[in-house]
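What follows is a single structure, written as structure tokens, with notes after it.
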Amino acid sequence: MKIMTMPTRPFPGQKPGTSGLRKKVREFAQPGYLENFVQSIFDTLGDCRGKTLLLGGDGRYFNDKAIQTVLRMAAAAGYARVMVGRNGILSTPAASAVIRKRGLSGGIILSASHNPGGPDADFGIKYNLGNGGPASESFTEAVYRRTQEISEYRMLEARDINLGHIAETTLGEMAVSIFDPVADYAELLESLFDFEKISELFVRDGFRMRFDALHAVTGPYAKAILENRLGALEGTVINAVPLPDFGGGHPDPNPVYAAGLVAEVSSPGSMLSFGAASDGDGDRNMVIGPNFVVGPSDSLAVLAANHSLIPAYAGRLAGVARSMPTSRAVDRVAEELGIPCFETPTGWKFFGNLLDAGKATLCGEESSGAGSNHLREKDGIWAVLYWLNILASRGETVEQIVRGHWRRFGRHYYSRHDYEALDAAGAEMLFACLRDVLPSLPGKPVSKTKVRMADDFAYLDPIDGSRSERQGVRIMLDDGSRIVFRLSGTGTEGATLRIYLERYESDPECLAIPVQEALTPLIQLAGELARITEITGRTRPDVIS
Ligand code: G1P
Ligand code: ZN
């Protein structure tokens with residue numbers, strides 16, 4: 001087998017976003033497109049000889065083809081071994097677990113997370129470092145620079161490898177280990193939670209739940225853990241078989257895309273006390289009770305407030321961290337616990353240094369992401385088990401737990417409004433105009449309060465001193481309310497404007513207002529300040545979560 005050096009030319013736009021490079025499948029499938037990006041990763045890493053790489057993905061369309069390409073290129077780059085999840089499957093959190101447990105040099109994860117899959121939908125690729133976490137901004141910037149100057153890639157001339165069976169094989173001089181993608185991860189989770197107590201809940205108390213894997217990667221993981229290890233009834237996990245197009249659905253665990261789950265758990269006469277779902281690559285979570293959806297920001301605060309019930313976190317939490325747009329519900333818990341709360345830019349990669357340095361134990365994002373120092377990625381099934389452990393220990397319903405939390409800490413009314421597929425130039429202009437008015441805003445009256453401060457969030461990493469600018473425009477009001485504007489870094493069509501709205505309420509009589517109603521003055525102010533209709537022509541958001 002010989003190594004071929006193929007001439008190539010740069011493709012524009014291979015710039016990784018919030019979480020790796022995401023593009024339409026048809027863009028990725030162009031000859032040389034994936035190859036250029038993978039070669040740029042290897043070139044940025046430098047000498048790969050003798051190292052072991054992890055490889056797998058969420059099973060979406062093009063996953064299988066891309067794995068064969070990466071394998072041939074890894075062999076040409078001199079890797080000693082590549083470990084591939086059976087059938088090319090690896091959830092993002094499981095990838096993080098395997099890299100850490102086995103001390104691998106890093107991993108390539110093929111996923112576009114919660115974006116739809118199929119020939120006309122999305123594909124993605126990201127590189128994770130030896131700590132199991134997403135590569136830092138400086139690394140992804142270096143990869144991007146490399147993609148702009150690349151002139152050749154290298155590939156072993158070789159056959160496709162059968163990925164369907166656990167086996168040790170070779171590709172040229174490189175070893176290829178096809179392994180069970182579930183085992184290491186399941187073992188890690190078992191070490192964190194009180195599996196005995198959760199199992200009693202299912203087996204002795206007859207507790208019933210549904211986990212909707214949305215035909216994405218978590219099916220095999222959830223079945224192994226919930227049904228096989230914990231004794232939940234067979235059929236607890238639905239849509240459990242990963243499909244290349246996620247069964248035509250949208251693998252994003254929210255009440256819109258997991259509407260069937262919400263309806264089932266909430267239907268009159270339902271025996272189900274709990275529902276949960278995860279996304280395409282298994283790092284997001286949604287948690288619900290009958291007629292009650294737990295907001296991700298509230299979920300993070302509840303997890304932190306109940307940490308003493310969980311074996312792995314029963315000692316002290318070192319600290320908590322949340323992305324800037326995430327509601328400040330967890331800040332109140334941190335304050336009461338007397339621990340620090342870090343505020344980072346959007347994207348899990350910013351938690352990596354805090355976790356590595358032991359400064360944060362729990363981390364979370366408003367976009368249905370939560371995780372801990374057990375990994376360097378957010379983790380959907382981890383969040384579900386954390387909730388199960390709380391439910392088993394407290395003997396209350398999901399709704400009782402959250403309402404009790406609000407009574408104790410107050411409620412952060414919270415919502416995100418997304419305007420999708422906007423004209424990119426228009427979106428840039430909207431931000432330019434918004435940034436221009438920021439200095440004039442302090443003091444501006446808004447309903448019964450006024451603007452206290454307005455800025456563009458910049459983050460100074462307390463561990464490595466790196467600075468990330470322009471991470472979202474923040475407008476803070478005197479009564480503690482807040483509006484945040486930012487552009488998505490994961491979309492594949494035009495620009496997506498995200499507006500995050502938050503209002504704090506501690507009056508016990510005012511804890512049950514419908515969310516959009518509670519936020520009406522902020523929604524109006526956001527529209528006015530950003531001149532949304534005037535600039536984009538849109539009169540309402542596409543998605544409200
Ligand atoms: C979105 C979320 C962000 C999350 C990322 C990857 O990024 O907002 O919190 O880390 O997906 O799951 P965005 O599209 O906003 O850049
Ligand atoms: Zn994801």
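Just so you know, ligand 1 is whichever comes first in the structure, and atom 1 is the first atom listed for that ligand.
By the 3.5 Å distance cut-off applied to N or O atoms, Arg486 is counted among the residues near ligand 1.
Distances from the Zn ion (ligand 2) to each N, O or S atom of Asp283 single out OD1 as the nearest. In Asp281, the N, O or S atom that comes nearest to the Zn ion (ligand 2) is OD1. Within Asp279, OD2 is the N, O or S atom that lies nearest to the Zn ion (ligand 2).
The Zn ion (ligand 2) has no N, O or S atom of Ser111 closer than 2.8 Å.
For the residue pair Asp379 / His374, a side-chain donor-acceptor distance below 3.5 Å is found, with atom types taken as modelled. Judged purely by distance below 3.5 Å, without hydrogens or angles, the side chains of Gln14 and Ser40 never pair a donor atom with an acceptor atom.
For ligand 1, the atoms lying closer than 4.0 Å to a non-hydrogen atom of Arg284 are 1 (C), 2 (C), 5 (C), 11 (O), 12 (O). For ligand 1, the atoms sitting less than 4.0 Å from at least one non-hydrogen atom of Arg416 are 8 (O), numbered in the order shown with element in parentheses. When each atom of ligand 1 is checked for a heavy atom of Arg498 under 4.0 Å away, the hits are 8 (O), 13 (P), 14 (O), 15 (O). Atom numbering of ligand 1 starts at 1 in the shown order; those under 4.0 Å from a heavy atom of Glu365 are 3 (C), 4 (C), 9 (O), 10 (O).
The closest heavy-atom contact to atom 9 (O) of ligand 1, among the options Gly17, Gly489, Ser367, comes from Ser367. Of the candidates His114, Lys378, Lys349, Lys378 brings a heavy atom nearest to atom 12 (O) of ligand 1.
Aromatic ring centres of Tyr257 and His250: separated by under 6.0 Å.
Among all non-hydrogen protein atoms, the one lying nearest atom 7 (O) of ligand 1 is Thr490 CG2, 3.4 Å.
A salt bridge does not link Asp212 to Arg210: none of the charged side-chain nitrogens sits closer than 4.0 Å to a carboxylate oxygen. Salt bridge absent: Asp245 and Arg60 never bring a charged side-chain N and a carboxylate O closer than 4.0 Å.
No more than 12 heavy-atom neighbours from other residues, nucleotides or ligands sit within 6.0 angstrom of CD on Glu335.
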Report the C-alpha distance between Lys24 and Asp120 in whole Å, list the side-chain angles of each, state the deciding distance to 0.1 Å, and finish with yes or no for salt bridge (Lys or Arg N to Asp or Glu O under 4.0 Å). CA-CA 7 Å; Lys24 294 284 173 210; Asp120 297 320; over 6 Å; no
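Stacking of Arg482 on the aromatic ring of Tyr504 is not recorded, the 6.0 Å distance cut-off and the 45° axial limit not both being met.
A 4.5 Å side-chain heavy-atom check between Arg498 and His417 finds every atom pair outside the cut-off.
Look at Gly347 and you'll find a heavy atom under 4.0 Å from some atom of ligand 1.
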